[in-house]
Amino acid sequence: MIVLDNVIFPNSVIVAGVTGTRSRQNTRTRNQGGYVDVSVVRDYTLRSWQIGTAPLRIPAFEQLIAVAEVTDYGAFGMLLEDPIDNTATVANGALVGYMLGVEAGPVGYGNGCPAYGFRKLYTIAGGARTKAHALTRTRNAVVYRGGVAVTVGSSAGNIAISSGVQYVTFVPDATRTVSGVTVGATTQVTLSSAIGLSVGHRLWLQGLTGADAALLNGQSHEITNISTATYTLAVNTSGKTITAAGQGHKYPQPDETLTWAGKFYFPVHFRDDNLEWELVVPGQYDARHVTIPQTYLDEVREA
């Protein structure tokens, strides 16, 4: 679904009254002995909101009509600021790495890769158990690396935040040319010079050639040994054909925290094609009030 990121659901409608639901999907069975078995069907929390639970004045109702018309009554999505969950702090805002289009590495830390997604952590009070929820529509987000705010720009170590579905992309801290590759049970990659990484860190590779270069390209790899500018990687390439070319990059590492703070929206759409209403307070136009029975907005999952 296309989400119109310049269409924000009006807060004047939200403050007039809204109820919400946060849902997962599980199947439960109980055997004759009373034991319960639960299978997780959807492990991602989705939200929905019922709007207009209190009467709206005509100007607020007109804003709602405008949003419904512009989004073709649910054919397109829009953005909504949840009235009870719309802010992340450095204590609960985290980034998570992406490689080959999927999450990679621990939430809240670097993974030697350039691309990261936004997350908010929900933590049990007084405990260590947390659950991370993906966020794709942030507002005024500030990213922190090791507790220091990261500059948006094009210099080494800077970031860019994409428009639309949002991801953070780091400019590499350092780049070196790959001058040699030795395949084997572990893989040795020689760079033009040392790149400033240590054992346990991760080296990002791209641009290598050969029939099996995809085993290394577009990914970060754990470093198990270093000899000057030769890096031994925990990747089995025995019998593979990989030719030295391209570059090695240094990006945020597993010993560096990656957090963020700011506001966020949820992408939503109208559940139904109809917008029902009832005039509950008649009289002069400016004094009239309208209720909107059974009108729901559902979250659109983007990541």
Side-chain angles (χ1 to χ4, degrees), residues 1-3 5 42-46 77 79 88 90 92-122 130-139 141-146 148-175 189 195 197 200-208 213-223 233-235 246-262 264-267 299-303:
M1 170 177 283
I2 296 174
V3 175
D5 56 12
R42 170 169 51 83
D43 66 352
Y44 185 90
T45 301
L46 289 173
L79 302 182
V90 291
N92 59 24
L95 302 185
V96 65
Y98 274 80
M99 292 196 303
L100 304 178
V102 298
E103 287 187 23
V107 176
Y109 293 88
N111 193 51
C113 54
Y116 293 83
F118 289 98
R119 298 292 184 270
K120 181 173 180 180
L121 301 176
Y122 297 87
T130 64
K131 193 71 175 183
H133 187 81
L135 300 170
T136 57
R137 306 284 179 162
T138 66
R139 177 160 57 95
V142 178
V143 171
Y144 296 86
R145 181 178 181 178
V148 178
V150 182
T151 301
V152 175
S154 56
S155 299
N158 288 177
I159 59 168
I161 300 177
S162 58
S163 58
V165 178
Q166 292 179 323
Y167 292 92
V168 176
T169 301
F170 281 83
V171 178
D173 299 332
T175 297
V189 173
I195 199 170
L197 293 172
H201 284 175
R202 301 182 70 89
L203 174 65
W204 178 270
L205 295 171
Q206 63 186 53
L208 283 76
L215 291 172
L216 299 179
N217 279 334
Q219 303 170 69
S220 70
H221 306 278
E222 182 183 359
I223 299 168
L233 309 178
V235 185
Q247 304 87 33
H249 296 291
K250 178 185 178 183
Y251 288 112
Q253 294 299 310
D255 56 3
E256 296 179 277
T257 59
L258 293 178
T259 58
W260 74 281
F264 56 89
Y265 294 111
F266 288 101
E299 181 180 351
V300 176
R301 184 174 183 180
E302 296 183 300

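Predicted model, so just to flag it, every value in this text is computed and none were measured. The first residue in the sequence is number 1, and the count goes up from there.
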*Hey, mind stepping through Leu233 and Leu205 against side-chain contact (heavy atoms from CB on, under 4.5 Å) and telling me if it holds?*
CA-CA 11 Å; Leu233 309 178; Leu205 295 171; 3.8 Å; yes
_Test log, rule side-chain contact (heavy atoms from CB on, under 4.5 Å), inputs Thr169 and Ile159_ = CA-CA 5 Å; Thr169 301; Ile159 59 168; over 6 Å; no
*Checking side-chain contact (heavy atoms from CB on, under 4.5 Å) for the pair Asn158/Val152: CA distance, chi angles, key distance, verdict?*
CA-CA 6 Å; Asn158 288 177; Val152 175; over 6 Å; no
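Between Phe118 and Trp260, the ring centre distance stays below 6.0 Å.
Closest heavy-atom contact between Ser220 and Gly112: CB-O, 3.3 Å. What you find for Gly153 and Val171 is that their closest heavy atoms are O-CG2, 3.9 Å. Counting all heavy atoms, side chain and backbone alike, Gly77 lies closest to Met1 at N-SD, 3.7 Å. Heavy-atom minimum distance, Met99 versus Gly218: CB-O, 4.5 Å. Between Trp204 and Cys113, the shortest heavy-atom distance links the atoms CZ3-CB, 3.5 Å. Shown here for Gly200 and Pro254, the closest heavy-atom pair between the two residues is O-CG, 4.3 Å.
Donor-acceptor pairing under 3.5 Å is lacking for the side chains of Thr175 and Gln247. Looking at His201 and Asp255, their side chains do bring a donor and an acceptor atom within 3.5 Å of each other.
For Tyr167, the ring pair (Phe, Tyr, Trp, His ring centres under 6.0 Å) test picks out Tyr98, with sequence neighbours left out.
Not one N or O on the side chain of Glu222 forms a donor-acceptor pair closer than 3.5 Å with the backbone of Ala234. With hydrogens and angles ignored, the 3.5 Å screen pairs no side-chain donor or acceptor of Tyr251 with any backbone N or O of Ala115. Checked by atom type and distance alone, the side chain of Asn217 pairs as donor or acceptor with a backbone atom of Leu208 at under 3.5 Å. Here the side chain of Gln166 pairs no donor or acceptor atom with the backbone of Gly164 at under 3.5 angstrom. For His221 (side chain) and Leu216 (main-chain N/O), a donor-acceptor pair under 3.5 Å exists by modelled atom type. Between the Ser162 side chain and the Val165 main chain, a donor and an acceptor come within less than 3.5 Å of each other.
Remark: Arg119 CZ to Thr130 OG1 distance equals 12.5 Å, nearest 0.5 Å. The NE2 atom of His133 sits 12.0 Å away from the CG atom of Leu121 when rounded to the nearest 0.5 Å. Taking CZ of Arg145 as the start and CG of Leu95 as the end, the distance is 11.0 Å to the nearest 0.5 Å. The distance from atom CG of Asp173 to atom NZ of Lys250, rounded to the nearest 0.5 Å, is 5.5 Å. From Arg137, atom CZ reaches atom CG of Asp5 across 5.0 Å, with rounding to the nearest 0.5 Å.
A cation-pi arrangement is present between Arg301 and Tyr44, with the terminal nitrogen or guanidinium carbon under 6.0 Å from the aromatic centre and inside a 45° cone about the axis.
At most 12 heavy atoms of other shown residues, nucleotides or ligands fall within 6.0 angstrom of atom CD1 in Ile2.
Salt bridge status for Lys131 with Asp43: absent, with no side-chain N to carboxylate O gap under 4.0 Å.
Using a 4.5 Å heavy-atom cutoff, the side chains of Phe170 and Leu258 are in contact. Annotation: side chain of Gln219 is in contact with side chain of Leu100 (closest heavy-atom distance under 4.5 Å).
Relative ring orientation between Phe266 and Phe264 is described as perpendicular, the plane-to-plane angle rising above 60° on a 0-90° scale split at 30° and 60°.
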